[in-house]
2 protein chains.
Amino acid sequence: MAHDLDPIDHNIVRMLAEDARTSYAELGRKVGLSPSAVAERIHQLESAKVILGYRALLDEKAFGYSVMAFIRLTCDNTHYRPFLKFLPTIDAVQECHHITGGEAFLIKVRLSSIDQLEPLIERLLPYGMPTTSMVLSTPVYRQQEAWLLRHAGFPSRTRKK
Amino acid sequence: MAHDLDPIDHNIVRMLAEDARTSYAELGRKVGLSPSAVAERIHQLESAKVILGYRALLDEKAFGYSVMAFIRLTCDNTHYRPFLKFLPTIDAVQECHHITGGEAFLIKVRLSSIDQLEPLIERLLPYGMPTTSMVLSTPVYRQQEAWLLRHAGFPSRTRKK
DNA sequence: GTTGAAATGACTATTTA
DNA sequence: TAAATAGTCATTTCAAC
């Protein structure tokens, strides 16, 4: 399953994770390859689904969604499947994880105000017993790619010119 | 606080969230502006920290990190600050949220194997009482930007040529 | 915001190892 | 098979308007 990445691939991926708009030419300079060679490697990494896409990272607060909460929903077997159908229709849900411990789900939601929490909880009630924790602050928040890089021990790089 | 985005900014941001490598020229065509006008708007959005950066989205499984878990740590006042200093030094930690309910933290970690969980928990023990939930599956996982777009009711767009 | 020109980058085909 | 090269086209950038 794990795609075989040589050190050059690794470096290319690292740089694209830090700045997805880095040009093939600059990538090539940094890894000592021609732009076309870099482009070919990147296309292979995309085909192999190692690189899944390129995203602009946005500040949700600029869009007015500043409340984050985690809802733990304990849900018995009869409500399990209906809940899975219902869940993706709720826009506030950013993540839902099925976790160990008695058919429970951990749901991360984002809202534009605390007022939206109660209606949301009421919509979940038919499926199980929700326990809500508001997020007061987030001392650590790493993007998956940033986390990966840190984990792999790569040095950080300053933003290009 | 909330940067004032007109509909054109909104469209540009939407497209960059879907594909951060879209060229200024193509963005300009889609929103009916010249490439330079688009570039200027984007630079302003970057300065205003509405766009925080551009990232390649990677498949962690391709890198061997397939285990996700949530650890809830209940932690009394004396351990609060030391914990906050200790936490960023742990590479496995992807997110840590300070949540309501008796000085508790909710920590999302990613590991390459379940064997790494026990040592991690032992490192947390001095700071409080950990409760661990393994993630069995993740029925919903939306990028913050994807979530934003869905929430804002934008139509999805097919990948460019 | 627009236009236009110069520099840079991207893409394809071909050559090389 | 993988990379370099060269030619062509597209894009970025910056000036002037």
Side-chain angles (χ1 to χ4, degrees), chain A residues 1-59 62-63 145 149 152 154 156-161, chain B residues 2-59 62-64 145 149 154 157-161:
Chain A
M1 306 295 125
H3 189 261
D4 225 12
L5 302 180
D6 69 13
I8 291 178
D9 285 333
H10 228 140
N11 258 315
I12 290 171
V13 162
R14 171 181 73 85
M15 289 190 279
L16 286 176
E18 289 194 41
D19 184 358
R21 288 180 75 94
T22 310
S23 68
Y24 295 152
E26 189 180 345
L27 293 169
R29 265 177 246 124
K30 295 249 165 79
V31 301
L33 248 55
S34 69
S36 19
V38 171
E40 194 188 329
R41 278 168 179 266
I42 289 176
H43 294 150
Q44 283 178 1
L45 290 168
E46 289 171 349
S47 300
K49 304 286 184 198
V50 173
I51 296 173
L52 300 171
Y54 305 92
R55 298 289 155 83
L57 188 62
L58 306 177
D59 178 13
F63 295 85
E145 41 284 340
L149 299 175
F154 287 115
S156 61
R157 186 175 66 93
T158 53
R159 188 107 169 73
K160 75 176 177 203
K161 51 157 185 297
Chain B
H3 189 261
D4 225 13
L5 301 180
D6 70 13
I8 291 178
D9 285 333
H10 228 141
N11 259 315
I12 290 171
V13 162
R14 173 181 72 85
M15 289 190 279
L16 286 175
E18 288 193 44
D19 183 357
R21 288 179 76 94
T22 311
S23 69
Y24 295 152
E26 188 180 346
L27 292 169
R29 264 176 247 124
K30 296 247 165 82
V31 301
L33 249 52
S34 68
S36 352
V38 171
E40 194 188 330
R41 277 168 180 267
I42 289 176
H43 294 149
Q44 283 177 3
L45 290 167
E46 289 170 350
S47 301
K49 305 285 182 197
V50 172
I51 296 173
L52 300 171
Y54 305 93
R55 299 289 154 83
L57 189 62
L58 306 177
D59 178 13
F63 295 86
E145 40 285 341
L149 300 175
F154 286 117
R157 185 174 68 90
T158 52
R159 189 106 169 74
K160 76 177 176 202
K161 52 154 186 300

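A, B, ... follow the sequence lines: proteins, then strands. Residue 1 opens every chain. Note that the coordinates shown come from a computational prediction; the quantities given were computed from them, not determined experimentally.
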>> When you measure from the side chain of B:Arg29 to the backbone of B:Pro35, do you find a donor-acceptor pair of N or O atoms at a distance under 3.5 Å?
In response: no

> For A:Glu18 and B:Arg55, which heavy atoms make the closest approach, and how far apart are they?
Replying inline: O-NE, 3.5 Å

> Which whole-number value in Å describes the distance from B:Tyr24 OH to C:dT2 C1'?
Replying inline: 18 Å

>> From C-beta outward on B:His43, which listed nucleotide comes closest to its side chain: D:dT12, C:dA10, D:dT13?
In response: D:dT13

>> Distance check needed: C:dG9 C1' versus A:Lys30 NZ, whole Å only.
In response: 15 Å

> C:dC11 P sits how many Å from A:Glu40 CD, rounded?
Replying inline: 13 Å

Show me the protein contacts with nucleotides 4-10 of chain D, counting only N or O atoms at under 3.5 Å.
residue, atom, partner, partner atom, Å
D:dA4, OP2, A:Ser34, N, 2.8
D:dA4, OP2, A:Ser34, OG, 3.0
D:dT5, O4, A:Ser36, OG, 3.1

> At what distance, to the nearest 0.5 angstrom, does CG of A:Leu27 lie from CG of A:Asp19?
Replying inline: 9.0 Å

> If every non-hydrogen atom of A:Ala20 is compared with every non-hydrogen atom of B:Ala20, which pair is closest and at what distance?
Replying inline: CB-CB, 4.4 Å

> So, is A:Arg41 near the phosphate of D:dA3, with a side-chain N or O under 4.0 Å from OP1 or OP2?
Replying inline: yes

> To the nearest angstrom, how far is B:Ile42 atom CD1 from D:dT12 atom C1'?
Replying inline: 12 Å

> Looking at residues at least two apart in the chain, or sitting in another chain, which of them share a side-chain contact (heavy atoms from CB on, under 4.5 Å) with B:Ser36?
Replying inline: B:Ser34

> Could you give the CG-to-C1' distance, from A:Leu27 to C:dT8, as a whole number of Å?
Replying inline: 15 Å

> Checking A:Arg21 side chain against B:Thr22 main chain: does a donor-acceptor pair fall under 3.5 Å?
Replying inline: yes

> In whole Å, what is the span from the CD atom of B:Glu26 to the P atom of C:dC11?
Replying inline: 12 Å

